[in-house]
Every structure is written in structure tokens, then in C-alpha cells.
Amino acid sequence: MKILYFAWLRERLGRAEEEVTLPPGIATVGALMGHLATLSPAHAEALAPGKGVRCAVNLDFAGPDHPVAEGDEVAFFPPVTGG
Amino acid sequence: MKILYFAWLRERLGRAEEEVTLPPGIATVGALMGHLATLSPAHAEALAPGKGVRCAVNLDFAGPDHPVAEGDEVAFFPPVTGG
Amino acid sequence: MPSIRVQEAPFDVAAEMAALTAGRTDIGALASFTGICRVDDGLAAMVLEHYPAMTERALARIAEQAMARWPLTGCTVIHRVGRLTPGEPIVLVLTASAHRQAALEACAFLMDWLKTKAPFWKREEPREGPPRWVEARESDEDAAARWTRTAG
Amino acid sequence: MPSIRVQEAPFDVAAEMAALTAGRTDIGALASFTGICRVDDGLAAMVLEHYPAMTERALARIAEQAMARWPLTGCTVIHRVGRLTPGEPIVLVLTASAHRQAALEACAFLMDWLKTKAPFWKREEPREGPPRWVEARESDEDAAARWTRTAG
């Protein structure tokens with residue numbers, strides 16, 4: 001599964017994207033964030049609850065209960081600040 | 001006293017302005033309208049209550065109780081429709 | 001500070017925007033409204049009459065109200081008079097501010113008040129039949145009234 | 001029907017207005033909003049990052065919402081990305097309608113939703129010190145939420 005990072009998440013993790021194999025039992029955005037947080041201390045810090053990180057699954061905003069599956073494009077980023 | 005008319009009032013009365021001598025006792029916009037209505041049948045019709053005629057005294061909108069005096073510029077017109 | 005004009009000539013929106021923002025570094029938001037003569041029911045032309053001595057004074061007061069109610073860096077109001085054909089712009093309102101809500105709200109306010117508190121009258125000339133004076137709409141009064149109900 | 005663009009290049013407001021109204025005879029109201037990079041606290045530049053695959057899709061959805069909620073004849077949304085210096089325009093929203101309230105409300109709606117529902121992120125580069133990511137403002141969330149509370 002391709003994971004994308006934007007803005008300060010990209011900077012803190014030192015990467016714009018990474019390939020992650022979805023472990024069994026990980027089926028929602030929230031569970032995926034929990035899994036990603038185990039990958040490195042930088043992940044744990046960037047994806048910690050309270051950081052206000054947002055998610056999009058297949059190019060649509062998605063809340064923590066949104067399903068994720070192998071083959072999805074999942075992006076994590078801070079609250080948007082355009083306009 | 002100079003009286004100005006605009007839009008359909010001007011057309012119905014066949015004049016853009018006229019000089020009127022303020023009779024004694026006429027001291028408000030409402031009283032002035034009543035007086036003007038006596039000048040001709042066209043005045044009576046154009047200035048009749050219910051026509052929604054508006055007034056400005058010395059270039060500011062003025063309600064029926066607004067004072068008028070010799071030397072004022074008084075204008076009557078329909079509700080505005082610019083913009 | 002507001003720029004107020006009543007004119008027969010067309011206006012240049014881009015030039016007016018440039019003039020309003022020129023030399024300023026504190027503008028984050030620029031809102032505009034252009035009113036256009038619409039082709040309704042076989043309209044051939046629209047004639048805009050006004051009360052010359054009063055018009056700029058009324059527009060200036062409305063603009064001052066907007067400047068007092070919102071933190072604008074400036075605003076521009078241009079209203080055309082005379083004979084206009086369908087598709088021609090009638091009125092332009094520009095508002096500039098540090099923040100978008102002030103600019104957008106003030107722009108709506110200026111149009112609502114201009115529609116009800118500035119001495120202009122429209123006469124429509126249909127392609128057939130006699131000209132007719134446009135009647136004031138109650139919805140314009142309602143729109144204007146909302147700015148007196150709110151703290152603004 | 002909406003015209004949506006994400007680009008590094010500047011935009012030409014007058015040309016966009018002309019394109020939106022060209023060949024139409026049913027437009028009585030044209031509203032615009034231009035967001036401009038403000039000179040705050042020694043800002044040298046602003047860098048706008050986005051999520052390219054998602055951005056136009058998100059903007060198109062927001063514009064479709066506006067078209068569904070108000071009787072617009074059309075709308076234009078242009079958002080710039082990349083490095084912008086103070087005074088440069090960042091975003092343009094245009095809305096056209098027969099009536100002014102639809103154009104003005106839809107313009108405000110588009111900006112409020114764009115601020116909260118389109119994947120852009122601003123990084124400020126101060127004249128001195130390290131760059132910093134702009135933080136989302138609660139007031140933007142509040143502004144966006146008002147459109148879900150009203151029948152609109």
C-alpha cells in the first residue's frame with residue numbers, strides 16, 4: 001500500500017511516500033495510523049494523537065473509521081491552509 | 001422653495017423641477033406633499049398616499065415628519081432601483 | 001478614502017483593482033461585485049437616471065458606513081448612468097482588507113445599501129412597446145435590513 | 001461547467017471575468033474574490049504545497065456544491081502553487097449568476113470551503129530564521145461550518 005505524506009509530515013518523516021504492507025487486522029484509517037506509528041520514533045511522533053493529522057483515502061478526505069485495503073492510496077497531512 | 005421630481009414623477013408631472021412658495025403652516029415633508037397635491041390633478045395623482053413616493057431634503061433622505069423650510073431643496077421620487 | 005464615481009463611461013475592473021491595491025502591502029483579500037445589464041424579455045436598453053447633486057454624497061455615506069463597520073484598507077464604488085445595452089456593466093463595488101470575511105461582507109453590504117439608499121432609477125426600453133420604470137423589489141429592502149439587525 | 005485550475009503562473013482577473021461572461025446574456029451579477037500574499041512580520045515568501053492528484057478533484061467537488069446550491073451560470077476557481085512573494089495573488093474565485101445574492105453567497109462559500117476542504121499547505125519563509133508551516137485557524141473551520149448549518 002502506498003502511503004503519502006505532505007507538508008510538515010513529509011519533512012519530519014524525511015519522505016514524501018513509502019510502501020507499507022498492510023498487516024492482517026488493519027482495516028481502517030485509525031488502525032493504519034496506529035500501525036505506522038510503530039515503524040520509527042519519527043513516525044510515532046508525527047502520527048501521535050493530538051497532532052491533528054488528517055487523512056485522504058483514494059483522493060477523498062477520510063475519517064479514522066474509513067476502511068483501508070491493499071491497493072488504496074492513503075495520504076496523511078496536517079489540516080489544510082490554502083486560499 | 002425648489003421642488004425636484006425624478007423618474008416617473010418627473011414624467012407624470014411633465015417637469016423636473018418647480019418653484020413653490022411655502023404656505024404658512026406647512027413645515028414638514030408630509031404637509032408639503034399634501035400642499036403639492038392641491039396644485040393640479042396630476043400632482044394629486046402622483047403624490048397620492050400609497051404611491052410609495054420618497055423624499056430627500058437638502059440631499060438626504062427624509063421621512064414625512066422631517067421639517068422643511070423656505071430655501072430647502074426638496075426632491076420627490078419613487079423608491080430607488082439602481083445597482 | 002473610498003473612491004466614489006458616477007459616470008456614463010464603462011469602467012475597467014482590472015485597472016480599478018490595481019488602483020485599490022497599488023502600493024499597499026497589507027491587503028490579503030480583494031472582493032468585487034459587478035452588476036450587469038441582463039437580457040430579460042426582449043429588453044433593448046436600460047436608462048439609468050439619478051439625482052446628480054445627491055448621488056455621490058449618498059454613495060460616499062454608504063462607503064463610509066462600510067469603512068466604519070469592517071476593517072477595510074479601501075473600497076471603490078462606480079455606478080454608471082445614462083443608456084446601457086444588455087451585457088454592459090452597470091455598477092462596480094470593490095473592497096480590500098487584510099482578511100477575506102471583511103472584504104466579502106463589506107462588498108455584499110455595499111451592494112445591498114446601494115440598491116436601497118442611492119438615488120438611481122432604472123427605466124427599461126423593451127424592443128417593442130413603451131418604456132417602463134423598474135419597480136423596487138421588497139427583497140432588496142429585506143437584504144438591506146439584515147445589516148441593521150446584525151452587530152456587523 | 002466550473003472552470004478549475006491549479007497553476008504556478010499568475011492569473012489575469014479581467015481575462016477570467018471575460019471568459020466566464022462571454023456569449024452569455026443571462027448574467028446580471030459577477031462576484032470575485034482574490035486572495036493575496038500579505039506582507040506580515042517580515043515575510044520574504046510563501047511556498048504553497050499541494051497534493052496534485054487530489055487537488056483538482058477536491059476543487060471540482062467544492063465548485064459542484066456551489067453550482068448545486070446556488071443558481072450560478074458558471075464559476076471559476078484558480079489556485080496557485082509554488083513560491084509566491086508578498087503582494088502576489090494566490091487564489092481567484094469568480095461566480096456569475098442572474099442575481100447578486102447568489103453570486104456573492106456562492107463566492108463566500110467557495111472561499112470558505114476551499115480554505116478547509118482543498119489539499120493546500122502554506123509554508124512561510126521569513127526574511128530571517130527558518131521557514132514555518134502556517135497553522136490552520138479555527139475561524140476558518142467556523143466559517144466553513146456555517147454553510148452546513150443553513151439550508152443555503
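Proteins get letters first, then strands, A, B, ... in listed order; numbering begins at 1 in each.
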Supply the atom-to-atom distance C:E105 CD to D:L104 CG, rounded to the nearest 0.5 angstrom.
11.5 Å

Atom group of D:A98 that falls short of 4.5 Å from chain C, counting heavy atoms:
both

What residue in D:V91, D:I90, D:V93, D:D112 has the most heavy-atom pairs under 4.5 Å with chain C?
D:D112

Using a heavy-atom cutoff of under 4.5 Å, enumerate the residues of residues 6-29 of chain D that contact chain C, numbered in order, or state 'none'.
D:V13, D:A14, D:M17, D:T21, D:T25, D:D26, D:I27, D:G28, D:A29

Quick one: are D:L30 and C:F33 in side-chain contact, heavy atoms under 4.5 Å?
no

Check whether any side-chain heavy atom of D:R100 lies under 4.5 Å from a side-chain heavy atom of C:T34, and answer yes or no.
no

